[in-house]
Each structure stands twice: as C-alpha cells, then as structure tokens.
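What follows is one structure encoded as structure tokens, with my remarks underneath.
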Number of protein chains: 2
Amino acid sequence: MTPLLRSFAALSDETRMSIVDQLITQGELPAGDLAPGAAISGPAISRHLKVLREAGLVTQRADGARRLYSARPEGLRMIAEWTQSRKGFWDGSLDRLEAALREDGA
Amino acid sequence: MTPLLRSFAALSDETRMSIVDQLITQGELPAGDLAPGAAISGPAISRHLKVLREAGLVTQRADGARRLYSARPEGLRMIAEWTQSRKGFWDGSLDRLEAALREDGA
DNA sequence: TTCATTATTAACATATTTGTTAAATAATGG
DNA sequence: CCATTATTTAACAAATATGTTAATAATGAA
C-alpha cells in the first residue's frame with residue numbers, strides 16, 4: 001500500500017470521501033465551496049485537496065484567483081480496484097476459514 | 001466507521017492482515033508463533049492481538065501459560081461486508097462520474 | 001496603487017498509532 | 001518455593017495525521 005493510498009484509506013476518510021463525493025455530485029467546484037460541506041477550515045480543506053491531488057483523485061484548474069477542482073475518473077478507478085482487491089482478500093479468507101472448519105468438523 | 005474498524009483499516013494493516021492470514025492458513029496458533037511471521041517483538045504482537053480480539057476478528061483460548069488464537073468467521077464476515085460496502089461506494093462514484101462526463105460531452 | 005477575495009503555506013498544537021525495552025503476571029516443573 | 005517459559009502490561013519514544021490561526025501569494029476591481 002503506497003503512503004498515499006494508506007493516507008487516503010486512513011483516518012480522515014469521511015472528510016476526503018465527502019470532498020470527492022461533492023465533486024462527483026456537483027461537478028467542478030472551487031476550493032472555497034468545499035469547506036462548508038466538510039465543516040472544517042479553509043486551510044484544512046486545502047491540505048486535503050493537496051493529498052487528493054497527489055493521490056491522483058482530483059485535478060485542479062486555475063480560474064483567476066480561484067482553483068477549480070474536479071474528480072478524476074482514473075483515480076476513482078484506482079481506488080475501486082484497490083478496494084476490490086481488499087474485498088477479494090477478505091472474501092477469500094472467509095472461504096478458506098469456513099472450508100477449514102468444515103474439514104475439522106468432518 | 002467504528003474506532004475498531006478504523007483501527008483495523010489503518011496503518012498496520014499489513015501486520016494485522018499477516019496475523020489473521022497465518023491464523024487462517026495454519027489454524028490455531030499460540031501468540032508466540034505469530035511474532036516471527038510479523039517481524040516485530042512479542043509485546044507488539046500482543047497488542048495487535050488485543051486489537052484484533054476487541055474487534056472480534058480472533059478468539060483466544062488458554063492452554064497452560066500459552067494463549068492460543070484462532071480466526072473468527074463472524075469477524076471475517078464483518079470485514080468482508082465492510083470492504084464490500086466501501087467498494088460499492090467507489091464503484092458507484094466511478095459510474096456516476098462517467099455518466100456525468102458522458103452527459104457533458106453530449 | 002490599494003483593497004478585497006480566494007487559496008495556499010507556515011508555524012504550532014494535539015491525538016493517534018505503533019514500536020521498543022523493562023517489569024509484572026501466570027502456569028509448570030523441579 | 002524457585003526457576004523457566006509464555007504472554008501481557010507499563011513506560012517511553014517517534015512518526016503520522018489533522019486541525020487551528022497567522023502570514024503569504026495571486027487576481028481583479030475601484
């Protein structure tokens with residue numbers, strides 16, 4: 001797991017998922033419009049956006065003093081695949097364990 | 001996300017996944033046998049096991065001075081379901097975004 | 001130019017996670 | 001009862017994550 005994926009997966013998931021969710025639902029938005037939805041300060045949002053940018057999950061575009069952000073499909077696909085692999089691991093674990101228990105019982 | 005799920009999902013995933021994986025693959029194991037596989041000290045393993053126990057992912061059984069650990073199917077199912085819901089979110093995000101982009105292009 | 005708006009960076013504080021070593025606890029065998 | 005083994009807890013250190021306020025760009029308008 002890369003530091004960025006780990007970072008994305010970790011504590012502030014809710015804030016960052018909310019940011020991405022807003023960008024998906026409402027399309028391109030300036031940084032300032034994302035703060036209210038996340039209930040944290042501008043600088044905090046700005047740093048989340050930086051992480052999301054570096055992780056390839058959002059893109060930034062300048063419009064005067066504003067910075068317009070959008071969700072990035074390639075990034076979302078990467079996350080979906082990562083969660084897929086993780087789900088696969090746990091599903092597999094469960095299957096293997098249940099098989100082992102059945103053998104034990106037999 | 002509960003603190004325990006968050007804790008489980010967070011940084012030490014690899015260590016804790018390795019522990020659970022060993023318990024699934026090799027069946028019931030004493031705490032001491034899990035340390036080598038994880039490349040950390042006994043006390044560190046012990047604390048991971050405590051987290052896993054509290055999260056309901058493993059069970060503990062006394063055998064003399066040893067503590068035998070096993071993977072717990074209900075816990076694995078819970079994790080599998082949690083990753084499933086997460087995967088669902090990201091898959092859905094991707095679908096929605098791609099649909100939005102198609103509309104834009106049209 | 002000067003001011004207002006928008007966003008980012010700097011400096012700092014705090015909580016959480018995770019590891020280590022040393023001490024404590026529990027069980028077993030002389 | 002004492003020594004040994006297995007494990008956990010205590011005390012401490014370090015890294016990471018995340019938030020805040022204040023300072024610093026960058027832009028556009030008066």
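A quick note: this is a predicted structure, and the numbers were derived from the prediction, not measured. Naming convention: chains lettered A, B, ... in sequence-line order (proteins, then strands); numbering from 1 in each chain.
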Starting from [atom2] on [N], measure out to [atom1] on [X] and report it in whole angstrom.
{"X": "E14(A)", "N": "dT18(D)", "atom1": "CD", "atom2": "C1'", "result": "14 Å"}
{"X": "M17(B)", "N": "dT18(C)", "atom1": "CE", "atom2": "C1'", "result": "18 Å"}
{"X": "L52(A)", "N": "dT18(D)", "atom1": "CG", "atom2": "P", "result": "11 Å"}
{"X": "R16(A)", "N": "dA17(D)", "atom1": "CZ", "atom2": "C1'", "result": "8 Å"}
{"X": "R61(B)", "N": "dA6(D)", "atom1": "CZ", "atom2": "P", "result": "17 Å"}

Write down the protein N/O and nucleotide N/O pairs, taken from nucleotides 7-9 of chain D, whose separation is under 3.5 Å; answer none if there are no such pairs.
| residue | atom | partner | partner atom | Å |
| --- | --- | --- | --- | --- |
| dT7(D) | OP1 | A31(B) | N | 3.2 |
| dT7(D) | OP1 | R67(B) | N | 3.4 |
| dT7(D) | OP2 | G32(B) | N | 2.8 |
| dT8(D) | OP1 | Q60(B) | NE2 | 3.0 |
| dT8(D) | OP1 | Y69(B) | OH | 2.6 |
| dT8(D) | OP2 | S46(B) | OG | 3.0 |
| dT8(D) | O5' | S46(B) | OG | 3.1 |

Partners passing side-chain contact (heavy atoms from CB on, under 4.5 Å) against E81(B) (at least two apart in sequence or in another chain): R77(B)
What residues, two or more places apart in sequence or in another chain, satisfy side chain to side chain donor-acceptor pair (under 3.5 Å) together with S18(B)?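 So S18(B) forms a side chain to side chain donor-acceptor pair (under 3.5 Å) with Q22(B).
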Does H48(B) make a side-chain N or O approach to OP1 or OP2 of dT17(C) shorter than 4.0 Å? no
Output all residues satisfying salt bridge (charged side-chain N to carboxylate O under 4.0 Å, His left out) with [X], sequence neighbours left out; order by chain, then residue number.
{"X": "E28(B)", "answer": "R61(B)"}
{"X": "R96(A)", "answer": "D21(B)"}
{"X": "R67(B)", "answer": "none"}

To the nearest 0.5 Å, tell me how far I40(B) CD1 sits from I45(B) CD1.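 Rounded to the nearest 0.5 Å, the CD1-CD1 separation comes out at 4.0 Å.
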